[in-house]
Chemist: 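Sharing a structure below in structure tokens format, with a few things to ask.
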Amino acid sequence: MLPDLAGLRGGAAILPELVLTGTVFAVLVLDLALRRSARRGRVLLLVTCLGLAAAATAIAGVSAGAQPLFYGMLVADGFALFVKGVVIAAAVVGAILAALSPEIRRDQLGEYLILLVCLTLGMCLLAGARNLLMLYLALELVSLPSYILAGFRHGDRRSSEAALKYVVFGAAASGLMLFGFSLLYGLAGTLDLPGIGAAVVARGLQGGLDAQLLVVVAVLLSLAGFAYKVAAVPFHMWCPDVYEGAPTPFVAFLSVAPKAAGFAALLRFFLSGFGAPLGFPAPGEFPWPFVLGVLAMATMTVGNLAAITQDNVKRLLAYSSIAHAGYLLMAVAVGSPLAIRGVLLYLPIYLLMNMGAFLVVMAVHDATGSETVDGFRGLGARAPYLAVVMAVFLFSLTGIPPLAGFIGKFFLFAAALQTKSMFFYAVAVVGVVNSVISLYYYARIVRACFLEKPADAQAPVRVGSPAAALLGALAVPTLVLGIWWGPLLGVVEKALLLPR
Amino acid sequence: MEGFLFYLGGAMMLLGGVAMVASRSAVSAACWLVLSFLGSAALFAALQAPFLAVLQILVYAGAIMVLFLFVIMMLEGPVMPAEAGRPKFWIPAGALVPAAIILVATARWVPGAGLPGFPGDLPPGFGQPVRVAQLLLGEYLLAFELISIVLVVAIIGALALGSNERTLPWK
């Protein structure tokens with residue numbers, strides 16, 4: 001008796017994932033084969049980048065469609081493909097950063113790149129998961145390499161502490177999430193997200209108070225896992241310590257890619273699991289938009305207020321990334337088509353500006369050994385190029401026109417205002433106030449660059465030409481997208497328009 | 001009967017897990033892990049999946065743990081020095097145990113404890129090797145393959161973090 005194999009069709013749709021898996025093993029074998037070669041690092045980087053580029057090409061070739069693949073485990077719709085593209089782009093930048101950074105030992109670059117590609121594979125699967133089992137496994141495939149890469153700075157106590165804290169927090173969050181998933185399975189009898197949505201809606205409306213309470217508890221517990229992955233309050237505590245201790249090239253990647261994949265999974269969990277656009281709840285329903293909106297407000301406020309007092313730039317950017325998770329969470333709470341468009345538009349913009357800012361932090365750290373705001377003093381004179389692009393990235397993170405960050409934030413806030421509900425007006429006002437607060441601490445760094453003199457006579461900070469080129473490649477789109485965002489918006493709309 | 005097995009297995013897993021983390025020597029940590037595995041086998045048995053229960057004992061508690069212990073003993077597994085003074089977390093942790101027992105024992109009388117769930121009739125052939133194999137190589141094939149990649153990550157990660165102090169022979 002052979003099982004029905006029809007469900008296994010759809011191998012073409014996971015071609016990007018297969019290419020990534022192939023890249024993992026190619027790098028693994030080459031790392032061993034070239035162990036005595038002087039060019040090992042360069043070859044490994046090249047192979048990794050080629051593999052990632054091939055995966056990106058494969059994404060372009062996948063015909064997007066909403067039909068479930070592999071017995072409903074995955075879906076390759078435009079939304080998932082777009083997020084995969086963002087994640088792979090972040091991985092390319094992350095791989096180059098690792099190769100440029102002295103924090104990653106040369107003989108361990110191969111292992112770093114392998115784990116980075118595995119992480120990318122996990123995020124690609126996370127973006128397309130439509131089954132709780134797949135969702136959990138993909139999340140673990142994202143978490144496990146993250147723990148290891150956070151502890152990659154050898155012999156450094158803070159790096160080891162970062163890895164350990166990350167593991168303990170991560171295990172607690174996955175435990176809570178699994179408990180929530182098991183309750184959902186118990187309620188619905190299926191792991192399939194749309195199936196759960198149908199069962200939960202039916203039971204939540206017909207069942208008594210117990211059933212409703214159980215749904216609420218289950219979804220709140222599941223939310224814990226997502227909140228941890230995107231660093232939202234109250235699961236943000238790991239973030240500053242991990243960012244401070246982990247190697248900077250990895251932090252740059254961590255602050256962007258897992259957040260993007262986490263938001264993709266969160267959106268799919270709520271939209272596909274609990275009915276298309278959430279809207280504002282009907283009476284008798286549990287007010288998810290309200291819960292998520294409150295979480296969004298708390299996340300922005302905590303992130304921005306805590307960032308003000310930070311002296312270490314990596315910690316400061318950690319709190320800033322928490323704040324940005326809050327802005328995105330606001331759009332998830334709204335859940336309208338405009339909000340989803342806003343989230344998708346924000347992800348690549350956030351990639352450009354945040355990875356750029358971390359690249360500058362890395363360059364300054366490598367040249368001066370300092371990670372504090374004071375280390376940026378007089379950077380405008382010592383390295384004008386670095387200082388100018390840093391100002392571009394930071395003002396873009398604040399959301400000042402005409403930079404890309406403004407466009408990203410504009411769509412998020414527009415989505416909140418479009419709901420015409422008092423609650424989301426309040427959330428948007430909190431968001432705007434928070435953006436103003438954020439200007440203060442971003443501008444502190446810019447002030448240190450241009451208006452303060454270095455404490456002692458310091459040599460000019462030199463940047464290698466690869467780093468300078470990469471900075472340019474991140475800074476120019478940050479400028480251009482602020483004025484001419486049409487093409488990117490077109491890609492986003494095309495991704496969302498395709499049959500769902 | 002199932003309820004009894006569930007609480008027995010759950011208690012074994014909890015005890016094994018806590019003792020594994022708390023023990024100072026790698027060998028006794030591995031032995032506590034065996035207890036935890038036996039507890040999960042009991043849970044599978046309670047769920048009327050005897051095949052999985054037996055596999056759990058044969059593969060995990062048997063083969064994998066023997067390999068584990070063998071490697072630990074061959075490498076003269078590290079024994080961490082005992083901490084000065086008795087660890088203090090045992091007191092609150094110990095207080096939680098009776099609290100949990102009381103909670104579980106009285107939960108039955110909480111109004112509305114008959115929680116809703118999907119009808120629990122087992123499909124024909126549930127838990128039999130043929131059905132497990134069909135699920136593993138059919139419906140859950142992708143997840144099954146994904147786990148192998150997670151294991152690759154774990155191996156590479158162990159090597160990457162473990163090569164901290166000494167250089168590996170092939171480096």
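Letters go in sequence order (proteins before strands), and every chain restarts at 1.
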Chemist: Could you tell me the separation between the CG atom of A:Leu74 and the CG atom of B:Leu142, rounded to the nearest 0.5 Å?
Modeler: 5.0 Å
Chemist: Can you name the nearest heavy-atom pair linking A:Met73 to B:Glu139, along with the distance?
Modeler: CE-O, 3.6 Å
Chemist: For B:Gly157 and A:Ile148, work out which heavy atoms get closest and say how close.
Modeler: CA-CD1, 3.3 Å
Chemist: Indicate the atoms forming the closest heavy-atom contact of A:Gly151 with B:Leu161, along with that distance.
Modeler: O-CD2, 3.6 Å
Chemist: Heavy-atom distance under 4.5 Å to chain B: side chain of A:Leu125, backbone, both or neither?
Modeler: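 It is the side chain, since no backbone atom gets that close.
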Chemist: Does anything in residues 161-169 of chain A get under 4.5 Å of chain B by heavy atoms, and if so which residues?
Modeler: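 None at all.
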Chemist: Give, as side chain, backbone, both or neither, the part of A:Leu115 having an atom under 4.5 angstrom from any heavy atom of chain B.
Modeler: side chain
Chemist: Might you point out which heavy atoms bring B:Ala160 and A:Gln108 nearest each other, and give the distance in Å?
Modeler: O-NE2, 3.3 Å
Chemist: Just wondering, are more than 12 heavy atoms of other shown residues or ligands nearer than 6.0 Å to CZ in A:Arg157?
Modeler: no
Chemist: For A:Ala138 and B:Leu146, work out which heavy atoms get closest and say how close.
Modeler: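 Shortest heavy-atom separation between A:Ala138 and B:Leu146 comes out as N-CD2, 4.2 Å.
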Chemist: Could you check whether atom CZ of B:Phe68 has more than 12 heavy atoms from other residues, nucleotides or ligands sitting under 6.0 Å from it?
Modeler: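 No.
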Chemist: Considering residues, nucleotides and ligands other than B:Tyr60, do more than 12 of their heavy atoms fall under 6.0 Å from its OH?
Modeler: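 No - once you tally the heavy atoms of other residues, nucleotides and ligands closer than 6.0 Å, there are 12 at most.
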Chemist: Given a strict heavy-atom distance threshold of 4.5 Å, which part of A:Leu28 is in contact with chain B: side chain, backbone, both, or neither?
Modeler: side chain
Chemist: Can you tell me how far apart CD1 (A:Ile114) and CD1 (B:Ile155) are? Round to the nearest 0.5 Å.
Modeler: 11.5 Å
Chemist: Enumerate the residue pairs fulfilling ring pair (Phe, Tyr, Trp, His ring centres under 6.0 Å) with a member in residues 126-158 of chain B, sequence neighbours excluded, ordered by first and then second residue.
Modeler: none
Chemist: Using non-hydrogen atoms only, which part of A:Tyr112 is less than 4.5 Å away from chain B: side chain, backbone, both, or neither?
Modeler: neither
